[in-house]
Amino acid sequence: MNTYNMVKQRFIKKWINTLHMLDSSIEHPLNVTERKNAIRLSSDLAIAAARSGSTVWSRALISRSGNKTTNKPMARRILKKARNRMKNRCRTLRRNGNFTAKVGVRKRTEFLKSLVPGGELIDDKDYLIRETLDYIVYLRAQVDVMRTVAAVDLVTGNVTNDRRNK
Amino acid sequence: MSNRRSRQSSSASRISDDQMIDLVSKLRQFLPEIHERRRSDKVSASKVLQETCNYIRKLHREVDNLSDRLSQLLDSVDEDSPEAVVIRSLLM
């Protein structure tokens, strides 16, 4: 099976889990904004969880998103694991030292670091590039899956082909 | 200060051409907008980084918009309505 499809599958599975997790921890009924935030949060947590492994971005995303959830034992457990691994990872990364570059590249690199979760902790340029590429794959999967779900025709259950509807 | 640093370590620390070529070839799958310079070994690091940042920001915006749309879609759905059944069956 195509790797990208596998990524999307993992994301879908995790998203169902995170939706349930959040659903049990927030107070209903929700207004539209609260629901949007819950959807966004569950989706972000899901791509991070789908990325099983040792990427900085996935743990930073869990850590960052955790601040937005209410206290729940499961969320706290995920956070604790993520934060501990992050601390160890940061120590390793900082030892690799800084890199300098011409002003244009430096500025844009700083900006890239601000876009990739945990990027600000990465000093090694090779590492940053690898993390960025990895993160982009999962971001794309997130968008593709959410777009498909949003395109479901609620009456027939079919996915509308023209995604520009609505 | 940054001048001093770059003079000392410039040979070791600039993003090398090989790395840039590697990054560009990987990004090209995602970024059709990266216009290949006439000589590929002269692809501007700055340009590649810029395109990457633009792309990530675009994806972030899309996730945000889609979260909006999904929450509005769900807002119009009653708990026990047939639409809710469809959504539930989709997610299961």
Side-chain angles (χ1 to χ4, degrees), chain A residues 12 15-16 19-20 29-44 47 97-109 111-112 114-116 125-126 129-130 132-133 135-137 139-140 142-159 166, chain B residues 1-10 12-16 19-20 22-23 26-27 29-31 44-77 79 81-87 89-92:
Chain A
I12 291 172
W15 196 18
I16 293 170
L19 279 168
H20 282 215
L30 299 173
N31 64 34
V32 175
T33 309
E34 287 166 335
R35 185 179 293 113
K36 177 209 167 167
N37 293 337
I39 289 173
R40 178 74 201 258
L41 178 59
S42 67
S43 181
D44 285 345
I47 51 164
N98 284 316
F99 75 97
T100 59
K102 293 182 183 164
V103 171
V105 174
R106 165 174 273 259
K107 249 198 237 168
R108 301 218 196 271
T109 307
F111 190 46
L112 178 64
S114 73
L115 289 175
V116 175
K125 58 186 182 294
D126 292 337
I129 288 175
R130 282 204 301 276
T132 303
L133 290 172
Y135 178 53
I136 286 179
V137 172
L139 256 187
R140 276 190 69 213
Q142 185 181 22
V143 166
D144 280 347
V145 171
M146 288 179 81
R147 204 187 276 149
T148 303
V149 174
V152 170
D153 181 318
L154 289 178
V155 174
T156 65
N158 293 329
V159 176
K166 292 191 181 178
Chain B
M1 186 171 34
S2 60
N3 279 337
R4 210 184 314 131
R5 260 190 272 139
S6 59
R7 253 183 276 133
Q8 283 172 349
S9 51
S10 61
S13 59
R14 245 178 305 171
I15 297 184
S16 76
Q19 288 167 329
M20 200 38 59
D22 192 41
L23 174 61
K26 291 201 172 88
L27 284 174
Q29 308 166 40
F30 308 127
L31 296 169
S44 150
S46 176
K47 176 76 171 163
V48 170
L49 286 167
Q50 182 185 16
E51 292 295 336
T52 310
C53 291
N54 290 343
Y55 188 59
I56 292 180
R57 279 202 303 172
K58 176 183 134 184
L59 290 173
H60 283 168
R61 276 198 302 269
E62 280 204 63
V63 172
D64 205 57
N65 291 339
L66 287 165
S67 303
D68 249 325
R69 262 171 65 186
L70 283 171
S71 81
Q72 279 162 17
L73 278 174
L74 291 172
D75 197 43
S76 56
V77 167
E79 286 269 306
S81 68
E83 289 85 20
V85 174
V86 168
I87 291 179
S89 70
L90 175 76
L91 289 179
M92 297 310 158

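Every value quoted in this text rests on a predicted model; they were computed, and no experiment measured them. Chain A is the first sequence line, chain B the second, and so forth, proteins listed ahead of strands; every chain is numbered from 1.
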Exercise. If you count heavy-atom pairs under 4.5 Å with chain B, which of A:Leu112, A:Leu139, A:Val116, A:Asn37 comes out on top?
Worked result: A:Leu139

Any chance you could measure [X], atom [atom1], to [Y], atom [atom2], to the nearest 0.5 Å?
X: B:Leu59; Y: A:Tyr135; atom1: CG; atom2: OH; result: 8.5 Å
X: A:Asp144; Y: B:Glu62; atom1: CG; atom2: CD; result: 8.5 Å
X: A:Phe111; Y: B:Asn54; atom1: CZ; atom2: CG; result: 8.0 Å
X: B:Glu51; Y: A:Arg108; atom1: CD; atom2: CZ; result: 9.5 Å
X: B:Asp68; Y: A:Arg40; atom1: CG; atom2: CZ; result: 10.0 Å
X: B:Asp64; Y: A:Ile39; atom1: CG; atom2: CD1; result: 11.5 Å

Exercise. Taking all non-hydrogen atoms of both residues, which atom of B:Leu66 and which atom of A:Val143 are closest, and how far apart?
Worked result: CD1-O, 3.7 Å

Exercise. What part of A:Thr132 gets closer than 4.5 Å to chain B, counting heavy atoms only: side chain, backbone, both or neither?
Worked result: side chain

For this session: Show your reasoning for whether side chain to side chain contact (heavy atoms under 4.5 Å, CB included) applies to A:Leu115 and B:Thr52.
Result: CA-CA 10 Å; A:Leu115 289 175; B:Thr52 310; over 6 Å; no

